[in-house]
Amino acid sequence: MVSLEELAAEARRCDACRLARGRTNVVFGSGDPAAPVMLVGEGPGRDEDLRGEPFVGRSGALLDRLIAEELGRDRSACYVANVVKCRPPGNRDPLPDEVEACRHFLERQVELVDARVVVTLGNFASRTLLGRSEGVTRLRGRAYPWRGRWLVPTFHPAAALRSGGEVTAGMRADFVRARRCLEPG
Ligand code: SF4
């Protein structure tokens, strides 16, 4: 099996879908490669593409706050990645063939990090990893036993920034759910 670093190097050379053409950086993932919690978003936006880091800007700040307040840890003690590693132009949604082309990177990242809990942020990550067609509003609210670990779907931080208190409160409840999955027993 390749290492996470080798997989990141492979992604940096990847041109398997049209998103390769518009990217500044491949945003592979960041954080502790042996973290007990992995968080998975949708795809890089403009700032992430420029910095080569997932979840920077306001969404990243909200994510950091939820991780600190509800999981009781720093983001650097988690591993954070996206479904697609290159920025969709104009921040559009990733297309199904782009998700499929990129899926093997995420699948192998999940195996290599081997976190006890995977938190999926928003529709794309939740549907892609659970293999379900429902939206995150229906999927969230429980922890799923998944491939020998737990998967906890929740909203994307951008949705909380757009929609306000109720969505943020839902995210808090889901992060508490994720923290319980980390507890022994
Ligand atoms: Fe390759 Fe994924 Fe980037 Fe498409 S989005 S070019 S599959 S790394």
Side-chain angles (χ1 to χ4, degrees), residues 1-35 37-64 75-76 78-115 117-136 139 144 146-147 149 151-162:
M1 199 191 259
V2 300
S3 70
L4 208 52
E5 274 185 17
E6 287 167 328
L7 195 61
E10 191 185 322
R12 284 195 289 274
R13 293 189 300 270
C14 177
D15 60 359
C17 83
R18 66 184 74 71
L19 299 182
R21 295 201 287 270
R23 74 184 175 215
T24 311
N25 286 296
V26 171
V27 182
F28 180 72
S30 68
D32 178 357
V37 190
M38 178 169 176
L39 299 110
V40 182
E42 180 179 314
R46 187 179 62 99
D47 295 340
E48 287 82 6
D49 173 63
L50 291 174
R51 295 257 300 267
E53 292 278 328
F55 285 99
V56 300
R58 290 177 67 222
S59 285
L62 176 57
L63 188 64
D64 288 349
R75 193 211 286 208
S76 61
C78 304
Y79 188 84
V80 183
N82 283 310
V83 172
V84 293
K85 312 303 186 200
C86 305
R87 182 193 180 204
N91 289 353
R92 67 158 166 77
D93 290 342
L95 300 174
D97 64 324
E98 295 160 355
V99 172
E100 278 314 305
C102 210
R103 171 195 286 271
H104 69 104
F105 285 119
L106 178 61
E107 300 270 0
R108 289 190 285 166
Q109 260 174 321
V110 168
E111 293 300 319
L112 287 164
V113 176
D114 197 21
V117 185
V118 175
V119 179
T120 52
L121 303 161
N123 281 325
F124 277 88
S126 304
R127 286 181 185 145
T128 300
L129 289 185
L130 276 176
R132 302 268 293 257
S133 57
E134 302 99 307
V136 69
L139 292 173
Y144 295 78
W146 181 77
R147 301 184 189 177
R149 63 193 100 244
L151 189 147
V152 179
T154 192
F155 299 109
H156 194 282
L161 291 172
R162 272 196 311 273

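Values below: every heavy atom of this structure, side chains too, minus hydrogens, waters and symmetry copies. Note that the structure is predicted; figures quoted are calculated from it, not measured. All ligand and atom numbering here is 1-based and tracks the order in the structure.
- Under the side-chain contact (heavy atoms from CB on, under 4.5 Å) test applied with S126, the options V136, T154, V152 reduce to a single match, V136.
- Among the atoms of C14, none of the N, O or S atoms falls under 2.8 Å from atom 4 (Fe) of ligand 1.
- Comparing P88, A20, C86 by heavy-atom distance to atom 3 (Fe) of ligand 1, the nearest is C86.
- A salt bridge links E107 to R147: at least one charged side-chain nitrogen sits closer than 4.0 Å to a carboxylate oxygen.
- Contacts of R23 with ligand 1, taken as heavy-atom pairs under 4.0 Å, involve the side chain alone.
- A salt bridge links R92 with E98; the closest basic N to acidic carboxylate O contact falls under 4.0 Å.
- Every atom of ligand 1 is numbered from 1 in the order shown, and the set under 4.0 Å from a heavy atom of C102 is 2 (Fe), 5 (S), 7 (S), 8 (S).
- In plain terms, the two heavy atoms of F105 and C14 that are nearest each other are CE1-SG, 3.9 Å.
- Atoms of ligand 1 lying under 4.0 Å from at least one heavy atom of A101, given by number and element, are 7 (S).
- Checked for salt-bridge contact, E100 and R103 meet the test: a charged N lies under 4.0 Å from a carboxylate O.
- Among protein heavy atoms, the minimum distance from atom 4 (Fe) of ligand 1 is reached at C17 SG, 2.4 Å.
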